[in-house]
Each structure stands twice: as C-alpha cells, then as structure tokens.
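Heads up: the structure comes next, in structure tokens.
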There are 2 protein chains.
Amino acid sequence: MASTTEENYLKALYNLSNSQGEVNISELAQSLGVSMPTANSMVKSLQKTDLVVYEKYKPVTLTPKGQKEAALIIRKHRLTEMFLVKKMGFGWEEVHEVAEQIEHIHAPKFFERMDEMLGHPTIDPHGSPIPDNQGRMQEFSYTPLSSCKAGQIVQLTALTNSSTEFLEFLNSRKLSLGIEMKILSREAYDLSLVVSYADHLQETLSEKVSERLLVRIIG
Amino acid sequence: MASTTEENYLKALYNLSNSQGEVNISELAQSLGVSMPTANSMVKSLQKTDLVVYEKYKPVTLTPKGQKEAALIIRKHRLTEMFLVKKMGFGWEEVHEVAEQIEHIHAPKFFERMDEMLGHPTIDPHGSPIPDNQGRMQEFSYTPLSSCKAGQIVQLTALTNSSTEFLEFLNSRKLSLGIEMKILSREAYDLSLVVSYADHLQETLSEKVSERLLVRIIG
DNA sequence: ATAATATGTTAGACTATTCTAACAAATTTG
DNA sequence: CAAATTTGTTAGAATAGTCTAACATATTAT
C-alpha cells in the first residue's frame, strides 16, 4: 500500500503528464514543493514498486498500475469535494484542503457510500471529471472561454484552476457552473472579454480569468 | 501541531489514565503496539512540547494542555462515528477503523458541520460521551450489567468495549443501545445472567459479556 | 531482605522523507 | 558550435518513528 507521500507523488505525476504521459523531475519537484533531489529519489523508489518507468536524465512516466492508483486517489478527492458541497453545505472554494486530506483515507465503503448518496456523480464541484471505480477518467473537450469569439453564447462547464482565490473571485462575480453567457466583445489590446450573463449585463473578464473558464458553445 | 503519531499517543494516554491520571510506559507501549523503548522516547519528546509530565522510572501524566488535545481528538473520533452511523448508513460495528483515520483530519469546519448536522450529540454510537469543543468530557456513572441483581429492570446505555467482534455478537442477539431488559437470574457458578428483552424471552449472557454492558437501573 | 521477576532506560541501528552542496548532463543561445 | 543556462544526479546529513540487545531500577515473593 502506497504511503500518503507516495500517493501525492502519483497524483502529481498524473496531473502533470503531458500528451506522451511524461513528466520532468523539475516540474514534479516544483508541483510538490520539494527539492529536485527529493523528487528524484522518490521516483527511483516508485520504480521499485512498478508504479513508474524511469531512466536517468529522462522524463518519468506512470505505468498503467501507477495511473490507476493515481486515478483512484483523484476519484476519492473529487467524490469528497462533491460530498462536502452537496451534503455538508460547503462552498466550492472551501473544499480543496479538506479533500486533500480525506483522499488518503483507506476505507472503500466510506467512498462507496458517498458515491451512492451523491447518485454516482461524474463531475466534481469544479466541473472536473470523477474517475470511475476502475480508475477510468472520461475526457471532456471543453473550450477555454479565452478562445471564443464575440457573439457566441456559451455555458460555463468547468475550471482549469480551482484555487481558493480564483473561486472567491468567481463568487464575487456570481459566476457558477451551468451559467450561460454571451460574449459581447473582445478587447484586442489585453485580450479581455466583455460578457453578459444572468443580471450582469456587462462584465469584463481578463485573459487570465477567461483562459481558466471552460465552456461549451451553445450558440 | 501534533503529528498523527503524537495524536495517537495522546489519545492512548488519555484512555489509559488511572484515577491519578497516571500511565505506565509498558501499558502505553502495549496499547499502541510498539516496543517500550519506542514509547519511552516518544514520551520524552511529548514532554518537550508540554503535553506530558514525565520523570525517569515514574508513570507518565498528561498536562492540562495534553488532556485537552487528547479530548479534542476523541471528540473528532466520536463525532465521526456518529456521522457514519446516522448520516451514512454504517453499522456501529463498522465505524471504528474509519474514525481512527478521520480523527486526524485537520479541518475544524468539517467537524463543526458534522456536529450541527447531528444536532450536537453528546454520545457516540457505542454510548461513549463526546467531549465538547473545549475538550470537556462529561462523566456518566453507569453500572456494569454484571453487577446488577436478579429482578432488576435496566436499560442498556453504553459499552466498555467496542471491538468489531463484540458488536457483531451484540448484533446477533439483537442487543442495541436503549433496549430495556429484565434480569431473570444469575448463575452462581459462572456468573452468567439470564435476561429477557424485546422478543428474546430468555437469553443467557456470559460474565465476559455482561461486564462490558453498561446500564441504567430503571426498576 | 534478598532473589526472582517485571518494568524501564540506553545505545545503536534502520527506513522514510526531506534537505544542501557539489557535480554532471542536456539544452538553449549568441 | 561553444558558452551559458537549465535540468538532473550524487553524496552526505537531518528528523521522525521504529526496532533489538543489553543494562538498570523497581517490585514481588519467598
């Protein structure tokens, strides 16, 4: 059984994997807030339990076994977030830290019950997909709002960043998942967008914000 | 902030404290399943953070600070057990292991919400008192069923042991908290008791069982 | 009260996870 | 393409928590 530390490495590797499933030691170290030698030595030890493939000076890759373990931890994280929001009255901006701890609990029934009580959800409160109990994660192909054109009508479906600060910003603008918005114009200078939604008739969103908002184009 | 390991030592010390609040190193070690030198060295380190008082070859004592920390961990454990039973459909025999992990989660709001959703319970599913959020635990003075007399009518209010095996035994006899039972007779030879309750008109309980059942005498 | 037993301590070692300093390889750039 | 920069590795050390073996103190029982 992987330790909490190992689980965190697996999760980071899963999230950092590029299209070829590769992760550099430096990215891994940075993402976990540890030094490169630390990441390096942990990667070597994950290799001994067949969770990653690794060769000196090459990027790291998760094995299928490592991918599955990682996805199952992410499943526990996202189920927990959903449970906290839907069943315990937490705001979507408050759940990350708690879920970060609860994802390491070893108690299959606990998460199965959450799953049942939530009606087997497929996305978490931030629109991210919840892997199934075999560790399979469905791929969504959402568009960043930043690459939409003036005149389009879109529905906010997910976020690429779920930091507390960003979520609090969205709260302050009454932006939540499911909301439909119309793109009124784009400022060529700074790529900010002017949009309207609900009772916000004219709201300006910086590029930094709009590239973190994932949408489905509905018109 | 105390580590998970330290929290487990505090909890054990709290539970093992005798009337003078003292615990021997050997008991502590045994209770945690570690060697005596391990317990000894941890006690020394707990002393550095003012959680225990300790002198060579003397028993260990929790400081008021240590007592409060311990009680607050026990509070999280028992709130969790109650939540699992009342809100997530767990049986009272399945909650201990999970609660043992969740008690170490650092997330005040998580436990406050449990507490609210449960209506500020004062006992857990096994009848043990839940310390308040200041770490104060109320004392109940229940009687072990084993020291009751034939003819008495009692209500089952708590257990002195909550092992899965014992709880499963109680389940098999349909014994649950709140049940009223009449003591029909006591066997002088092995101190077993014959009792009746609900639709069990004549059930024999060994001394081993009856001394683990705490009751309130109601007639 | 002394021997036998139980309890507690010290010393030294091991694993997991982390670090810094120094060095090596790979990549980028003028 | 060679120099500069970035990235990765090795070596060595630190801390937390654990162990066993050996020794010391306390307690119990004759």
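Since the model is a prediction, treat every value here as computed from it, not as a measurement. Protein chains get the first letters and strands the later ones, always in sequence-line order, with residue 1 at the start of each.
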Task: For atom NZ of B:Lys44 and atom P of D:dT15, their distance in whole Å - done: 17 Å

- [ ] Select base, sugar-phosphate, or nothing to describe what B:Ser45 touches, counting heavy atoms under 4.0 Å on all strands.
- [x] nothing

Task: Out of D:dG17, C:dT17, D:dG8, whichever nucleotide has its closest atom nearest the side chain of A:Asn24 - done: D:dG8

Open item on the list: Let's see if you can work this out: which of D:dG17, C:dT18, C:dT7 has an atom nearest to the side-chain heavy atoms of B:Met42?
Closed with: D:dG17

Open item on the list: Tell me the interatomic distance from B:Lys58, atom NZ, to D:dT27, atom C1', rounded to whole angstroms.
Closed with: 15 Å

- [ ] Would you check if the side chain of A:Thr63 reaches a backbone N or O of A:Leu51 as a donor-acceptor pair within less than 3.5 Å?
- [x] yes

Open item on the list: I want to verify a distance call: between D:dA11, D:dC19, C:dT17, whose nearest atom is closest to the B:Thr38 side chain?
Closed with: D:dC19

Open item on the list: Without decimals, in angstroms, what is the distance between A:Glu27 CD and D:dG8 C1'?
Closed with: 13 Å

Task: Side chain of B:Ser26 (C-beta onward), nearest among C:dT18, C:dT7, D:dT7 - done: C:dT7

TODO: Could you state the atom-to-atom distance from CE of B:Met36 to P of D:dT25 in whole Å?
DONE: 15 Å

- [ ] Check whether any side-chain nitrogen or oxygen of B:Ser3 sits under 4.0 Å from OP1 or OP2 of D:dG17, and answer yes or no.
- [x] yes

Open item on the list: What's the closest nucleotide to the side chain of A:Tyr57 if the choices are D:dT18, D:dT10, C:dA26?
Closed with: C:dA26

- [ ] Write down the distance between CG (B:Asn40) and P (C:dA6), rounded to a whole number of angstrom.
- [x] 20 Å

Open item on the list: Using whole Å, what does the distance between atom P of nucleotide D:dT7 and atom CG of A:Leu28 come to?
Closed with: 14 Å

Open item on the list: Can you tell me if A:Lys56 touches the phosphate of D:dT10, counting only side-chain N or O atoms and a distance under 4.0 Å to OP1 or OP2?
Closed with: yes

Open item on the list: Taking the basic N atoms (NZ, or NE/NH1/NH2) and the acidic carboxylate oxygens, is any pair closer than 4.0 Å for A:Glu116 and A:Arg113?
Closed with: yes

TODO: Can you tell me the distance, in whole Å, between the CD atom of B:Gln30 and the C1' atom of C:dT7?
DONE: 13 Å

Task: Modelled atom types, side-chain donor and acceptor of A:Ser26 and A:Asn24, under 3.5 Å - done: no

Task: Sugar-phosphate only, base, or nothing, as touched by B:Ser35 at under 4.0 Å among non-hydrogen atoms - done: base

TODO: Return the value, rounded to whole Å, for the distance between atom CD1 of A:Ile25 and atom P of D:dT10.
DONE: 11 Å

Task: Any donor-acceptor N/O pair, B:Lys86 side chain to B:Leu118 backbone, under 3.5 Å - done: no

Task: Interatomic spacing from NZ in B:Lys44 to NZ in B:Lys56 - rounded to 0.5 Å - done: 7.5 Å

TODO: Please figure out whether B:Gly33 or A:Pro59 has its closest DNA chain D nucleotide nearer the 5' end.
DONE: A:Pro59

